[in-house]
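Please read the structure below before turning to the comments.
Nothing here was measured: the structure is a model prediction, and the numbers come from that model. All values below come from the heavy atoms of this structure, side chains included, with hydrogens, waters and symmetry mates left out.
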Amino acid sequence: MALQFYKETRGLRLNSTLKEQLSRASSSVALNLAEGSARKSAKDQNRFFQISFASLLECQAIIELSELENTKAFQLADTLAAHIYKLIQ
C-alpha cells in the first residue's frame, strides 16, 4: 500500500517546491516501513514505523495545502495512516 501511495503522489499536480517535498516524504514512508520490518527488536521496528507515520502526516499536510483532499492519494494516505498507527501500538 505504501508503494501504491508513492506512485499515486507522483501524479499530483503541485508547485515544484511541494512536489519535491512530497516525493521525499512519500518515499520515506515506504522506505522506513521496509527498514523497520527488517529490524529484529520491537523497539527498533517501532522507531522506523514512527518515522514512517510522521512522513505520512507530512504528505497529508502537503496534499491539504494544495487543496487535493478529493484525490485517491489522500484516501490512500488515510488508510495507510490507520495501518501504520496499528503497527506503532
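Atom OG of Ser23 and atom CG of Leu12 lie 11.0 Å apart (nearest 0.5 Å). Once rounded to the nearest 0.5 Å, the distance linking CG of Leu3 with CD of Glu8 reads 11.5 Å. Rounded to the nearest 0.5 Å, atoms CD1 (Ile84) and CD1 (Ile88) are 7.0 Å apart.
Two different hydrophobic clusters hold Leu87 and Phe48 under the rule that ILVMFWY side chains link at heavy-atom gaps under 4.5 Å.
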Using residues 68-78 as the side-chain source, report each donor-acceptor pair under 3.5 Å to any protein atom, sequence neighbours left out, with the distance given to one decimal.
{"unit_1": "Thr71", "atom_1": "OG1", "unit_2": "Leu68", "atom_2": "O", "d": "2.8"}
{"unit_1": "Thr71", "atom_1": "OG1", "unit_2": "Phe74", "atom_2": "N", "d": "3.3"}

Could you pull out every donor-acceptor pair under 3.5 Å between side chains of residues 50-66 and any protein atom, sequence neighbours left out?
{"unit_1": "Gln50", "atom_1": "NE2", "unit_2": "Asn46", "atom_2": "OD1", "d": "2.7"}
{"unit_1": "Ser52", "atom_1": "OG", "unit_2": "Val29", "atom_2": "O", "d": "2.9"}
{"unit_1": "Ser55", "atom_1": "OG", "unit_2": "Ser28", "atom_2": "OG", "d": "2.9"}
{"unit_1": "Ser55", "atom_1": "OG", "unit_2": "Ile51", "atom_2": "O", "d": "3.2"}
{"unit_1": "Glu58", "atom_1": "OE2", "unit_2": "Gln21", "atom_2": "NE2", "d": "2.3"}
{"unit_1": "Ser66", "atom_1": "OG", "unit_2": "Ile62", "atom_2": "O", "d": "3.0"}

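In this structure, the side chains of Ser37 and Phe49 come closer than 4.5 Å at one or more pairs of heavy atoms.
Applying the salt bridge (charged side-chain N to carboxylate O under 4.0 Å, His left out) test to pairs two or more places apart or on separate chains, those with a residue in residues 25-35 are Glu35-Arg39.
Across every non-hydrogen atom of Tyr6 and Ser26, the tightest pair is CD1-OG, 3.2 Å.
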